[in-house]
Amino acid sequence: NFVRPDPESEYSHLEERNLWLIRLQHNMNLNDHLNLNLGGSYWYSDIDNKTMSEHGSTQRWAAFSKLSYEALVVTATVGHTQTDNKDPLSPDISIMGSFDSIYPIANDGYFYTVDLSYHLKLNEKSSFTPYLTYSHFDKDKTSFIDSTRYTIGAQWDLHPISVAAEYIYGKSDHFIGGTQQGFAAG
């Protein structure tokens, strides 16, 4: 979400409103063991630049698929984000955040994610799922460094408790050793 930047920040305070979202998906059972889920989503919203007293917009789209063969699952997502923040000082970067963390992010770029997992059912109440994930944020501004993240992990579920362990490695990723500018300029 767009959030209020620190008071001493050079970035604008943006608020998102009038959100319009649509998501379509179709599930196909190809045979007794093979399923395919295809879909897409689109998000449009207005952006109020509180600092500059201007109005912009943001658009995001994504296409996704999930192929499962018995316990093996492969998911893939490709999408694009484009934000016009109406900030003449930082037209390529906006401030986003979650929980207690705020960070600059590039306004425009393509994102890609591929996830591979294998769900092992141990008994009626317990399962174990190892997984691998690759994510990439290809920023449109050529001087910005792209962000990548590799995750290897496993989740153990014993109803109603879940425990997960992950090793995450990345480049230009604010959350795993990258700078404050990781998701923006890199």
Donor-acceptor pair, N85 side chain versus D87 backbone, under 3.5 Å? yes

Check: N123 side chain, K125 main-chain N or O, donor-acceptor pair, under 3.5 Å: yes

Check whether I22 and W20 end up in the same hydrophobic cluster, where Ile, Leu, Val, Met, Phe, Trp and Tyr are linked by side-chain heavy atoms less than 4.5 Å apart. yes

W156 vs S126, test: side-chain hydrogen bond (donor to acceptor under 3.5 Å, both in side chains). Steps then yes/no. CA-CA 7 Å; W156 179 61; S126 180; 3.2 Å; yes

side-chain hydrogen bond (donor to acceptor under 3.5 Å, both in side chains) pairs, two or more places apart, involving residues 144-153: H136-D146, K139-S147, R149-D173

Between CG of L34 and CG of L67, what distance do you get to the nearest 0.5 Å? 5.5 Å

Hydrophobic cluster identity match, L120 and I152, side-chain contacts under 4.5 Å: yes

Just by distance, do the side chain of D115 and the backbone of Y134 share a donor-acceptor pair under 3.5 Å? no

In this structure, CG of L14 is separated from NZ of K86 (nearest 0.5 Å) by 12.5 Å

Under 3.5 Å, is there a donor on one side chain and an acceptor on the other for H26 and N37? no

Within the supplied structure, the quantity of interest is the number of heavy atoms (other residues, nucleotides, ligands) at a distance under 6.0 Å from L21 CG; does it exceed 12? yes

Nearest 0.5 Å, what's the CD1-CZ distance between I47 and F2? 4.0 Å

Honestly curious: do L116 and F128 fall in one hydrophobic cluster under the side-chain, below-4.5 Å linking rule? yes

Side-chain donor-acceptor pairs under 3.5 Å in residues 74-82, sequence neighbours left out?
residue	atom	partner	partner atom	Å
H80	NE2	D140	OD2	3.1
T81	OG1	R60	NE	3.4

Look up atom CZ in F144 and atom CZ in F137, then write down how far apart they are to the nearest 0.5 Å. 9.5 Å

Among the clusters formed by ILVMFWY side chains lying less than 4.5 Å apart, do Y112 and Y42 turn up in the same one? yes

Between H13 and T51, is a side-chain hydrogen bond (donor to acceptor under 3.5 Å, both in side chains) present by the stated rule, with each step listed? CA-CA 6 Å; H13 173 204; T51 306; 5.6 Å; no

Does E16 offer a backbone N or O that forms a donor-acceptor pair with the side chain of D48 under 3.5 Å? no

Check whether N1 reaches the backbone of G97 with its side chain - one donor and one acceptor, N or O, closer than 3.5 Å. no

Step through the shown structure and confirm whether more than 12 heavy atoms of other residues, nucleotides or ligands are within 6.0 Å of CG on N31. yes

Given S57 and D46, is the side-chain hydrogen bond (donor to acceptor under 3.5 Å, both in side chains) satisfied, shown in steps? CA-CA 4 Å; S57 63; D46 294 324; 6.0 Å; no

Just by distance, no angles: are the side chains of S45 and N18 close enough, under 3.5 Å, to form a donor-acceptor pair? no

